[in-house]
S.K.: 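Pasting in a structure now, in structure tokens, and then I'll have a few things to ask.
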Protein chains: 4
Amino acid sequence: MADSKKSAGKRRQLMVAAAQVLHRQGVERTTIADIANAADVPVGNVYYYFKTKDALVQAALAEHAGHLAGLTDELDRLPDPRERLKALVGGWIGQRDVAARYGCPTGTLAVELDKREDGGMDVEAGRVIRLLLDWAERQFRELGAPDPDGLALTLVGAYQGMSLLTNALRDPEIMVREGNRLLDWLDSLPGDS
Amino acid sequence: MADSKKSAGKRRQLMVAAAQVLHRQGVERTTIADIANAADVPVGNVYYYFKTKDALVQAALAEHAGHLAGLTDELDRLPDPRERLKALVGGWIGQRDVAARYGCPTGTLAVELDKREDGGMDVEAGRVIRLLLDWAERQFRELGAPDPDGLALTLVGAYQGMSLLTNALRDPEIMVREGNRLLDWLDSLPGDS
Amino acid sequence: MADSKKSAGKRRQLMVAAAQVLHRQGVERTTIADIANAADVPVGNVYYYFKTKDALVQAALAEHAGHLAGLTDELDRLPDPRERLKALVGGWIGQRDVAARYGCPTGTLAVELDKREDGGMDVEAGRVIRLLLDWAERQFRELGAPDPDGLALTLVGAYQGMSLLTNALRDPEIMVREGNRLLDWLDSLPGDS
Amino acid sequence: MADSKKSAGKRRQLMVAAAQVLHRQGVERTTIADIANAADVPVGNVYYYFKTKDALVQAALAEHAGHLAGLTDELDRLPDPRERLKALVGGWIGQRDVAARYGCPTGTLAVELDKREDGGMDVEAGRVIRLLLDWAERQFRELGAPDPDGLALTLVGAYQGMSLLTNALRDPEIMVREGNRLLDWLDSLPGDS
DNA sequence: TATGAATGAGGCTTCATTCAT
DNA sequence: GATGAATGAAGCCTCATTCAT
């Protein structure tokens, strides 16, 4: 059973390992060998699954997107949009230690990819961020709040900003403080619930 | 006299060039040669002014810190703390095109340096960010607002977040939108002015 | 029946594909995968038919030899040796576009194999060329021309030379010009016909 | 004195080494390290003089062109064009052992480069061959022979062909035999001398 | 001080060949 | 037999750093 998964799963293993290692070490400081080791795959074999390092980075981005989609799907089960948003923020706070150490995966990746000339990989990163923006906007809209688009921008921007500060100052408490402020803000918004 | 200036000036030239090029290309993708070229200094000569690449990065950080100090000094001439804060935000909005293309210099540098193992260079980046935090806190305090510490965190966090989104989505308008929101927010704060 | 043919046919498919692809891309720039693809055979399967890449190259050489044998057999049906030789040259001229693009298959292969250290594969290439030399010598001898050996050398040498120039200068007209000169030369030779 | 040449001469050293090693081993089988070793230069340093392996190959081609120019300059001192051409052929015969082992430098290089996709390096090889064609044509024209263009093609074609056969069959005597035939042919041409 | 040149470690990628099913 | 996957040895190239003058 484990074996039947092996072959099909190796690609996945690599994606997961890439997502994690790239988040921790950054794109440029991470070698293919690093990822191969983390995935417990021989270096040469990586190229059977991904033609270039860039392809692996893209895969890591996709992995983050998938993770995010899984998270929002989870949240969508909550009946109330305000509660969904608050649960999202709660999740951020829960990740404060990771954020303090490595920052927001998508955000830091986006920053790094932006410096590359590679065709449109930065755009790809933007797309992942937009996933979150769009989901948030839907919640605000469902809530009946005015300017849901702008509110989403504010929320996600606040998240990226507090992640960055938390990371730069190595202080998880920032995440708590600003997270709670966001929770209050969400509560203060007029809306159907 | 010209000569004594020259060598002192070369060091400065390198710092300025480093700050600019590192902001645009990122730390890892920038070579010593890139910076040397931008500063119009022969490659071999760089090492007379900076022992290692890391030292150059540090210098770039210091350059950013100096620039920031110059900016806040400028703002400090304004009589009213609320106006100072609003002028700061106005400056951010004015930089929207740079932000869309390259992000916030200090923020992106901090993100990249965090991924390095090098001794404490990430801390250094944090220090630059804290300069801004401290200045903002002083303004809020002078304004008589409650929790000036938290307000500074919110303000600077919002700046970093909106810079990141602006950059990731390549849309300067985000900077305008969120910047205006911050201006309104500053106006809404209770205070002595 | 279909199946028994299949596996025998696959070997042949690979030989034909190898001959073609190696001619076009050269030995060193051609990968096993290239040949496998051209032959529509899974990569891993190639090794059931040929132990090494070298064996495939040898097979391509044999394929060229076989092709050459088929050609001379065809020509041998002509009653007159002078006509046979002229028909050979006519065939060369007819191949001018291929020659302009890729050169003479045997000649270019010989040049490349000569650079290898591999045991005697260059000798093998020489053998294929000698097939042609020997056949030409027989025709000259049958024609009663003096020094048939030397004439064969001159004829085949001229062919290799004009192929190379045609290829290097990418000009098929060279093949026509020099081919016609050879035809005149053959006509001018004293002989029984 | 030797030292003053060192720095300026290193580029040249590399060109000469490249020309020789590439002739012997072929383009694809030759590594940068091979050339670096032959030139007694550390591998990493090669890239200071030549940006890529292709650039080195180009340089080798230029070296061959230079060598050829030197040769024809030498020949141009002879008063009679027929003698110049005969001296050229004599030189070819004199090189028979090299030809038997490695073929004609320009010809084999042209064959190999033709298989590459690299931008126009094959054309470059053609240009070197054309140098020889043009020189020969000038001699035939000066001799007053009809169709000097065609005669040059015949002469150089014969050279390439006999080099290839000599190399493929590993028999220097072919060079002697065909070389002498060319000498007779040159003598038989009507002309002013 | 100034500078072109030198050095070598390390990263990405390709590919012939071998395995496991 | 058949086949996708695995493996590791090179090869090309970049670059921080050091040297020699």
Side-chain angles (χ1 to χ4, degrees), chain A residues 3-4 6-11 14 27-36 40-57, chain B residues 3-4 6-8 10-11 27-36 41-57, chain C residues 3-4 6-8 10-11 27-36 41-57, chain D residues 3-4 6-11 28-36 40-57:
Chain A
D3 274 324
S4 71
K6 210 182 180 182
S7 181
K10 218 164 202 178
R11 199 190 149 84
L14 281 166
V27 176
E28 310 287 348
R29 314 267 310 172
T30 298
T31 69
I32 293 276
D34 288 337
I35 297 173
D40 203 43
V41 162
V43 187
N45 197 11
V46 172
Y47 287 86
Y48 187 82
Y49 297 98
F50 300 96
K51 279 212 184 322
T52 63
K53 184 181 178 180
D54 278 10
L56 246 184
V57 175
Chain B
D3 274 321
S4 70
K6 211 180 180 182
S7 61
K10 252 184 196 175
R11 203 190 142 82
V27 176
E28 309 289 347
R29 298 189 70 86
T30 298
T31 69
I32 294 277
D34 286 339
I35 296 172
V41 164
V43 187
N45 201 358
V46 172
Y47 284 82
Y48 273 96
Y49 299 99
F50 301 95
K51 276 233 180 324
T52 65
K53 183 180 180 181
D54 278 9
L56 248 182
V57 175
Chain C
D3 273 322
S4 69
K6 213 181 180 182
S7 61
K10 251 183 196 175
R11 204 190 141 82
V27 176
E28 309 289 346
R29 298 189 70 87
T30 297
T31 70
I32 294 277
D34 286 337
I35 296 173
V41 165
V43 187
N45 200 359
V46 171
Y47 284 82
Y48 273 96
Y49 299 100
F50 301 95
K51 278 233 178 323
T52 66
K53 183 181 180 182
D54 279 9
L56 248 182
V57 175
Chain D
D3 274 323
S4 70
K6 211 180 179 185
S7 184
K10 219 163 199 179
R11 200 190 148 84
E28 309 287 348
R29 314 270 306 176
T30 298
T31 71
I32 294 276
D34 287 337
I35 296 173
D40 203 42
V41 162
V43 187
N45 196 11
V46 172
Y47 288 88
Y48 185 80
Y49 296 97
F50 300 96
K51 278 211 183 324
T52 64
K53 182 182 179 180
D54 278 10
L56 247 185
V57 175

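Quick note on labels: first sequence line is chain A, next is B, and so on, each numbered from 1.
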S.K.: Pick the closest DNA chain F nucleotide for Pro42(C) and for Lys51(D) by heavy atoms, then say which residue is nearer the 5' end.
M.R.: Pro42(C)

S.K.: Can you tell me how far the OH atom of Tyr48(B) sits from the NZ atom of Lys10(B), to the nearest 0.5 Å?
M.R.: 11.0 Å

S.K.: Return the value, rounded to whole Å, for the distance between atom CG of Leu56(A) and atom C1' of dG11(E).
M.R.: 14 Å

S.K.: State, to 0.1 Å, how close Thr30(C) and Lys53(C) come at their nearest heavy-atom pair, and which atoms those are.
M.R.: O-NZ, 2.8 Å

S.K.: On DNA chain F, does the nearest nucleotide to Arg29(B) precede the nearest nucleotide to Val43(A) from the 5' side, or the other way round? Give the residue.
M.R.: Val43(A)

S.K.: If you find the nucleotide of DNA chain E closest to Gly44(D) and the one closest to Tyr48(B), which residue's nucleotide is nearer the 5' end?
M.R.: Tyr48(B)

S.K.: What's the CD-P distance between Glu28(C) and dG11(F), to the nearest Å?
M.R.: 12 Å

S.K.: Rounded to whole angstroms, how far apart are CZ on Arg11(B) and P on dT1(E)?
M.R.: 12 Å

S.K.: Minimum heavy-atom separation for Arg11(D) to Phe50(D), with atom names?
M.R.: NH2-CE2, 3.5 Å

S.K.: Is there a Watson-Crick or G-U wobble partner for dA9(F) with both distances under 3.5 Å, and which nucleotide is it?
M.R.: dT14(E)

S.K.: Phosphate oxygens OP1/OP2 of dT3(F): is one of them under 4.0 Å from a side-chain N or O of Tyr47(C)?
M.R.: no

S.K.: Side chain of Ile32(B) only, please: which of dA16(F), dA5(E), dT13(E) is the nearest?
M.R.: dA16(F)

S.K.: Compare every heavy atom of Ala36(D) with every heavy atom of Val46(D), then report the nearest pair and how far apart it is.
M.R.: CG2-CB, 3.7 Å

S.K.: Using heavy atoms to find the nearest nucleotide of DNA chain E for Asp54(A) and Ala33(C) separately, return the residue whose nucleotide is more 5′.
M.R.: Asp54(A)

S.K.: Quick one: Tyr49(B) OH to dT1(E) P, roughly how many Å, whole number?
M.R.: 7 Å

S.K.: When you measure from the side chain of Thr31(A), which nucleotide among dC12(E), dC13(F), dA16(E) comes out closest?
M.R.: dC12(E)

S.K.: So which heavy atom on Tyr47(A) is nearest to which on Thr52(A), and how close?
M.R.: CE2-CA, 4.2 Å

S.K.: In whole angstrom, what separates Asp34(B)'s CG from dA16(F)'s C1'?
M.R.: 13 Å

S.K.: Specify the separation, in whole Å, of atom CG of Asp40(D) and atom C1' of dA6(E).
M.R.: 13 Å

S.K.: Looking at dA5(E), I'd like to know if its phosphate oxygens (OP1 or OP2) sit under 4.0 Å from a side-chain N or O belonging to Asn45(D).
M.R.: no

S.K.: May I ask you to evaluate whether Lys10(D) reaches the phosphate of dA6(E), defined as a side-chain N or O under 4.0 Å from OP1 or OP2?
M.R.: yes

S.K.: Both distances under 3.5 Å, Watson-Crick or G-U wobble: report the partner of dA16(F), or none.
M.R.: dT7(E)

